[in-house]
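Atoms considered below: every heavy atom in the structure, side chains included; atoms not considered: hydrogens, waters and symmetry mates. Residue numbers begin at 1 in each chain, while the letters A, B, ... track the order of the sequences.
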Amino acid sequence: SQQGEEDPQALSIQEGENATMNCSYKTSINNLQWYRQNSGRGLVHLILIRSNEREKHSGRLRVTLDTSKKSSSLLITASRAADTASYFCATGVGGSQGNLIFGKGTKLSVKP
Amino acid sequence: DAGVIQSPRHEVTEMGQEVTLRCKPISGHNSLFWYRQTMMRGLELLIYFNNNVPIDDSGMPEDRFSAKMPNASFSTLKIQPSEPRDSAVYFCASSNPSRAGYGYTFGSGTRLTVV
């Protein structure tokens with residue numbers, strides 16, 4: 001069964017705008033990760049936030065985590081056409097390297 | 001580093017045939033994962049290995065699926081006999097638990113079509 005659920009399922013914006021994607025999950029987690037998948041390619045790890053962290057930045061990416069609400073958000077600032085991809089959240093549960101359970105993703109389209 | 005290498009990239013086979021997918025993880029990564037991706041079900045974890053030992057195979061759909069990791073640099077996922085509903089993209093990923101902050105590294109996947 002799915003652990004993480006992304007929202008929205010699809011998002012279309014203009015280049016330069018910010019994109020916000022949300023993820024909700026059901027059970028306690030060790031960490032939450034965000035991945036990007038370009039069409040026809042494998043997933044690429046973007047950022048990991050641990051359960052005791054609330055916010056993390058990496059370049060134009062900003063991730064927040066609210067464990068009380070079991071939710072996370074990924075913000076991409078000043079989006080570019082090259083950001084067009086599907087974005088997945090994945091929750092780490094279990095032991096030191098237990099399963100990563102993925103949501104179904106948000107399909108982001110950035111129009112030039 | 002060449003990353004996680006999967007072969008073949010594409011496989012078209014007839015129902016009932018045996019299919020073998022191959023994966024070479026990143027050197028030094030001692031965890032290896034097999035995922036399946038479909039439009040309907042998204043990304044599903046099939047099985048994962050730590051130090052070449054299968055840890056959790058609860059995601060393997062049925063006995064037609066089997067996976068092995070004979071050494072730290074090679075893993076196979078076998079489907080015998082294959083069925084049309086096995087058509088999907090199969091991903092292999094590897095990670096180093098001591099560097100958990102770096103997440104998983106995925107291969108480019110094998111697109112399997114069973115006709």
Side-chain angles (χ1 to χ4, degrees), chain A residues 1-7 9-10 23-27 29-53 56-58 61 63 65 72 74 85-107, chain B residues 2-7 9-10 21 23-26 28-60 88-111:
Chain A
S1 63
Q2 298 299 124
Q3 159 79 313
E5 294 289 341
E6 291 90 344
D7 169 58
Q9 290 186 352
C23 169
S24 59
Y25 57 91
K26 297 174 184 172
T27 64
I29 60 172
N30 298 325
N31 62 74
L32 187 143
Q33 304 180 32
W34 286 90
Y35 287 77
R36 183 187 74 227
Q37 184 179 33
N38 290 88
S39 181
R41 307 293 295 273
L43 283 77
V44 175
H45 179 255
L46 295 176
I47 194 166
L48 178 151
I49 186 165
R50 301 184 196 285
S51 58
N52 61 353
E53 297 176 310
K56 205 159 184 179
H57 297 253
S58 176
L61 305 181
V63 169
L65 179 64
S72 173
L74 170 67
S86 291
Y87 291 81
F88 295 85
C89 71
T91 47
V93 298
S96 62
Q97 194 63 32
N99 299 345
L100 259 193
I101 303 174
F102 286 82
K104 288 197 172 181
T106 292
K107 199 163 189 174
Chain B
V4 175
I5 299 173
Q6 290 186 247
S7 64
R9 285 298 309 274
H10 302 274
L21 311 181
C23 175
K24 177 178 166 53
I26 289 177
H29 282 193
N30 55 358
S31 293
L32 182 140
F33 308 82
W34 282 100
Y35 283 86
R36 178 172 68 176
Q37 186 177 37
T38 61
M39 288 291 293
M40 289 296 294
R41 300 175 68 89
L43 267 162
E44 302 172 279
L45 177 67
L46 300 177
I47 186 171
Y48 78 95
F49 297 83
N50 276 353
N51 296 315
N52 313 339
V53 176
I55 302 301
D56 184 355
D57 66 353
S58 60
M60 296 285 261
V89 181
Y90 290 81
F91 288 102
C92 175
S94 69
S95 73
N96 182 342
S98 65
R99 302 185 76 195
Y102 293 86
Y104 292 9
T105 302
F106 280 77
S108 297
T110 293
R111 182 174 295 275

Donor-acceptor contact below 3.5 Å, side chain A/Lys104 vs main chain B/Met40: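 It does hold such a pair.
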Side chain A/Tyr35, main chain B/Tyr104, donor-acceptor under 3.5 Å: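 The answer is yes, because a donor-acceptor pair under 3.5 Å joins these two groups.
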Over 12 non-hydrogen atoms of neighbours within 6.0 angstrom of NZ in A/Lys56: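 For A/Lys56, atom NZ is crowded (more than 12 foreign heavy atoms under 6.0 Å).
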A/Gln9 atom CD, over 12 foreign heavy atoms within 6.0 Å: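 It does not: A/Gln9 CD has 12 such atoms or fewer within range.
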Nearest non-hydrogen partners of B/Phe106 and A/Leu43, listed with the distance: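 Taking B/Phe106 first and A/Leu43 second, the nearest heavy atoms are CB-O, 3.3 Å.
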Residue B/Gln6 versus chain A: region with a heavy atom under 4.5 Å: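 Neither part.
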